[in-house]
J.: 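I am attaching a structure below and will ask some questions about it afterwards.
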Amino acid sequence: MIFAAHCIKSVGPMFSESGHILLQATPKSYSTRIDKAMREAANVDDVLEIKRSHFWTAAPGMVVGSLKLRARGSADNAMIIENVRRRFDSLLSELTVEVDKDEV
């Protein structure tokens, strides 16, 4: 019985981390930094709003994300994507950015 309890206690953190990966949950240790990067990304020139965002752990130590932005119709997609990605460079292994433009 003691051995079983020890086994459960020792693998608990692994189950917890695996559960977060399977549920594609935002890692708690990244939440504050991701929130800060999101605020900065929302203030990039020509970005009108962040419509959707999702950040998750793809594998242990590999955090990835996706953003869908709304931008001015006259905006340069490449510049927006570059400027937004720069805000997340130190946080994420990979970031996908989709830009929807307002009609001019």
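Please read these numbers as outputs of a predicted model, since none were measured by experiment.
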J.: Is the side chain of Arg70 donor-acceptor paired with the backbone N or O of Lys51 at a distance under 3.5 Å, no angle test?
T.: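 Such a contact is absent between Arg70 side chain and Lys51 backbone.
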J.: State the CG-CD distance between Asp100 and Glu49, to the nearest 0.5 angstrom.
T.: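 It comes to 9.5 Å.
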J.: Hey, could you give me the CD1/CZ distance between Ile80 and Arg72, rounded to the nearest 0.5 Å?
T.: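 Separation between the atoms: 9.0 Å.
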J.: What's the shortest heavy-atom distance between Gly61 and Ser93, and which atoms?
T.: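 Closest heavy-atom pair between Gly61 and Ser93: O-OG, 4.3 Å.
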J.: Of all the heavy-atom pairs spanning Asp102 and Leu48, show the shortest one and how long it is.
T.: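 Answer, listing the atom of Asp102 first, then Leu48: OD2-CD1, 3.1 Å.
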J.: Could you state whether Met79 and Val47 fall into the same hydrophobic cluster, counting links through intermediate Ile, Leu, Val, Met, Phe, Trp or Tyr residues with side-chain heavy atoms under 4.5 angstrom apart?
T.: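 No, because Met79 and Val47 fall into different hydrophobic clusters, even though each may have its own neighbours under 4.5 Å.
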J.: Say you draw a straight line from CD1 of Ile34 to NZ of Lys36; how long is it, rounded to the nearest 0.5 Å?
T.: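 So the gap between those two atoms works out to 13.0 Å.
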J.: State, to 0.1 Å, how close Val99 and Ala71 come at their nearest heavy-atom pair, and which atoms those are.
T.: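 In terms of heavy atoms, the two residues are closest at CG1-CB, 3.8 Å.
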J.: Supply the atom-to-atom distance Asn77 CG to Leu69 CG, rounded to the nearest 0.5 angstrom.
T.: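 Answer for the CG-CG pair, Asn77 versus Leu69, is 9.5 Å.
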J.: What pairs of residues pass the ring-ring contact (aromatic ring centres under 6.0 Å, His included) test when at least one of them lies in residues 61-82, not counting sequence neighbours?
T.: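 Qualifying pairs: none.
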J.: Where is the tightest heavy-atom contact between Ala37 and Phe88, given as atom of each residue plus distance?
T.: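 Between these two residues, the closest heavy atoms are CB-CE2, 3.4 Å.
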J.: Pick out which of Asn83, Asp89, Val84 makes a side-chain contact (heavy atoms from CB on, under 4.5 Å) with Arg87.
T.: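 The residue from Asn83, Asp89, Val84 that satisfies side-chain contact (heavy atoms from CB on, under 4.5 Å) with Arg87 turns out to be Asn83.
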J.: Between atom CG of Leu67 and atom CD of Glu98, what is the distance when rounded to the nearest 0.5 Å?
T.: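 Going from CG on Leu67 over to CD on Glu98, the span is 10.5 Å.
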J.: Is Arg52 atom CZ crowded by more than 12 heavy atoms from other residues, nucleotides or ligands, each under 6.0 Å away?
T.: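 Counting other residues, nucleotides and ligands, CZ of Arg52 stays at 12 neighbours or fewer.
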J.: How long is the gap from OG1 on Thr96 to CZ on Arg85, to the nearest 0.5 Å?
T.: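 Answer rounded to 0.5 Å: 6.5 Å.
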